Amino acid sequence: MTETPQQTVLIVDDDRISRTMLAELLKDECRVVLAKDGASALQRIEEDPDICLVLLDVSMPEMSGYEVLIKLRGNPLTADLAVVFISGFTEEENEEQGLQLGALDYVFKPIRPVTVRARIRNYLKLVAQRRELQRLASHDGLTGLVNRRYFDEALALACRQAARRGEPLNLAMIDVDYFKQYNDRYGHPAGDEALRQVARLVQRHARRPDDVAARYGGEEFVLLLPGQPDFGALLEALRGEVQALGLEHLSSKVAPCVTISVGAVTATVDEAEEAAAALLHRADANLYAAKQAGRNRVVRDGAAEPAA
Ligand SMILES: [Mg+2]
């Protein structure tokens, strides 16, 4: 695991000299950004998702460091952000309060430069490891796509957003045709490579920030493309691209190469908790229909797209 030089640390302190001193101390360890009060710190954090560690003064006018941390913890997007208090209060109860709020550490002013730098270096390592663990937990090791667990959460979120905005959602389930027979004939390493190549093509169609391409299981992928107006054409293009890879598959009954079947749905959803499951169920039913109709095709909302 390597430390990324791009790690960004936000220093929040109402005292300019303290800010500058800390910034100077850390300039070789990370990218440093500064804020002089709680409100601008919260704004910076919202605008800069690269910020992975916050060094937070406790005593500031208007909003204390404690209040800033409570606000961060109350927002799902920032709830896990690493925070270290830097404080002139040396009472034990202040330290206790800070740590109980969920700060990583509580450092007393005046700071001792060498130890503070070493501690922050350790925290940056910790934060990088935590990010890597999160990445591993949410991604599929074989294809690099996000995994089913991540996808299920993304779909639930997308349903809530789509319901609020009254926009339709596009969901496709994608299955590699006769994949068991491919593995049987060409072996598992070749099967893995075929999945990687198909995954790469699936991923290429998830271009916008809210798009999700995931490995759903075995040889099954899902594409979630909210607000994509050309969904049908896009899926038909994907189907053609997979066929055009030309990966030999002489045990396939539909083509002499690897192909996919796609079941897709475009639908408005409501806020109901079952919305996501219902959408998946409809896509899955259309995938089944695509297989029944002979595979290597897209079935969307119950209607077969004309095969190229
Ligand atoms: Mg202060």
Side-chain angles (χ1 to χ4, degrees), residues 1-138 157 209:
M1 199 179 315
T2 54
E3 284 168 71
T4 49
Q6 275 78 30
Q7 281 184 296
T8 300
V9 173
L10 172 65
I11 297 170
V12 191
D13 201 311
D14 58 316
D15 177 49
R16 193 175 58 81
I17 296 176
S18 295
R19 282 198 308 270
T20 319
M21 204 171 80
L22 265 175
E24 185 62 26
L25 189 64
L26 297 177
K27 69 175 196 302
D28 295 330
E29 309 292 329
C30 54
R31 181 179 155 244
V32 174
V33 290
L34 303 171
K36 64 173 173 22
D37 55 42
S40 52
L42 291 169
Q43 193 183 345
R44 274 282 350 200
I45 290 164
E46 197 186 307
E47 288 166 358
D48 189 347
D50 287 340
I51 292 172
C52 66
L53 176 65
V54 182
L55 306 183
L56 190 51
D57 182 26
V58 173
S59 172
M60 295 185 290
E62 280 156 41
M63 196 189 296
S64 76
Y66 296 149
E67 290 172 87
V68 173
L69 181 54
I70 289 166
K71 280 203 182 342
L72 289 174
R73 292 293 181 256
N75 177 347
L77 292 176
T78 57
D80 294 327
L81 190 58
V83 170
V84 171
F85 281 121
I86 312 257
S87 172
F89 296 130
T90 53
E91 301 298 322
E92 234 172 67
E93 58 188 284
N94 294 115
E95 182 182 18
E96 234 173 72
Q97 188 180 359
L99 294 175
Q100 266 166 9
L101 284 172
L104 271 181
D105 200 359
Y106 195 101
V107 174
F108 298 113
K109 285 181 192 173
I111 60 161
R112 291 186 294 162
V114 178
T115 51
V116 164
R117 181 160 53 201
R119 282 160 106 159
I120 290 176
R121 202 177 284 158
N122 286 338
Y123 292 134
L124 286 173
K125 216 176 276 175
L126 191 75
V127 165
Q129 284 167 352
R130 197 155 77 180
R131 285 212 169 174
E132 177 66 6
L133 281 178
Q134 279 166 348
R135 195 190 65 76
L136 288 173
S138 60
L157 184 70

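Atoms considered below: every heavy atom in the structure, side chains included; atoms not considered: hydrogens, waters and symmetry mates. Index from 1, following the sequence. All of these numbers come straight from a predicted model, not from anything done at the bench.
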For Leu69 versus Ala103, what's the shortest heavy-atom pair and its separation?
CD2-N, 4.0 Å

Evaluate side chain to side chain donor-acceptor pair (under 3.5 Å) for Glu47 paired with Gln43, printing each intermediate quantity in order.
CA-CA 6 Å; Glu47 288 166 358; Gln43 193 183 345; 3.0 Å; yes

Would you say that Val116 contacts Leu22 through its side chain, given a criterion of any heavy-atom pair below 4.5 Å between the two side chains?
yes

Value for CD (Glu24) from CE (Met21), rounded to nearest 0.5 Å, stands at 10.5 Å

Ile17, CD1: over 12 other non-hydrogen atoms inside 6.0 angstrom
no

Side-chain touch Leu104/Leu126, heavy atoms, less than 4.5 angstrom:
yes

Once rounded to the nearest 0.5 Å, what's the spacing between atom CG of Leu56 and atom CG of Leu72?
7.5 Å

Here the pair of heavy atoms bringing Arg131 nearest to Cys52 is NH2-CB, 3.8 Å

side-chain contact (heavy atoms from CB on, under 4.5 Å) between Leu101 and Val83: does it pass, once the steps are laid out?
CA-CA 10 Å; Leu101 284 172; Val83 170; over 6 Å; no

Assess whether atom CD of Glu46 is packed by more than 12 heavy atoms of other residues, nucleotides or ligands within 6.0 Å.
no

Under 3.5 Å, side chain of Tyr106 to main-chain N/O of Gln97, donor-acceptor pair present?
no

To the nearest 0.5 Å, what is the distance between CG (Asp50) and CD1 (Ile45)?
13.0 Å

List the atom of Asp14, the atom of Ser59, and the distance in Å for their closest heavy-atom pair.
OD1-O, 3.2 Å

Please confirm whether the backbone N or O of Ile51 pairs with a side-chain atom of Arg44, one donor and one acceptor, at under 3.5 Å?
no

Checking Arg19, Arg16, Lys109 against Asp57 for salt bridge (charged side-chain N to carboxylate O under 4.0 Å, His left out), the one that qualifies is Lys109

Where is the tightest heavy-atom contact between Val68 and Met63, given as atom of each residue plus distance?
CG2-SD, 3.6 Å

Rounded to the nearest 0.5 Å, what separates atom CG in Leu42 from atom OG1 in Thr78?
7.5 Å

Please report the closest heavy-atom contact between Arg31 and Thr8, naming both atoms and the distance.
NH1-OG1, 2.9 Å

Could you tell me the separation between the CD1 atom of Ile70 and the CG atom of Asn75, rounded to the nearest 0.5 Å?
14.0 Å

Rounded to the nearest 0.5 Å, what separation is found between the CD atom of Gln7 and the CZ atom of Arg121?
12.5 Å

Within the 4.5 Å heavy-atom criterion, are Val84 and Ile120 side-chain neighbours or not?
no

Looking only at heavy atoms, what is the nearest atom pair of Glu29 and Leu124, with distance?
O-CD1, 4.1 Å

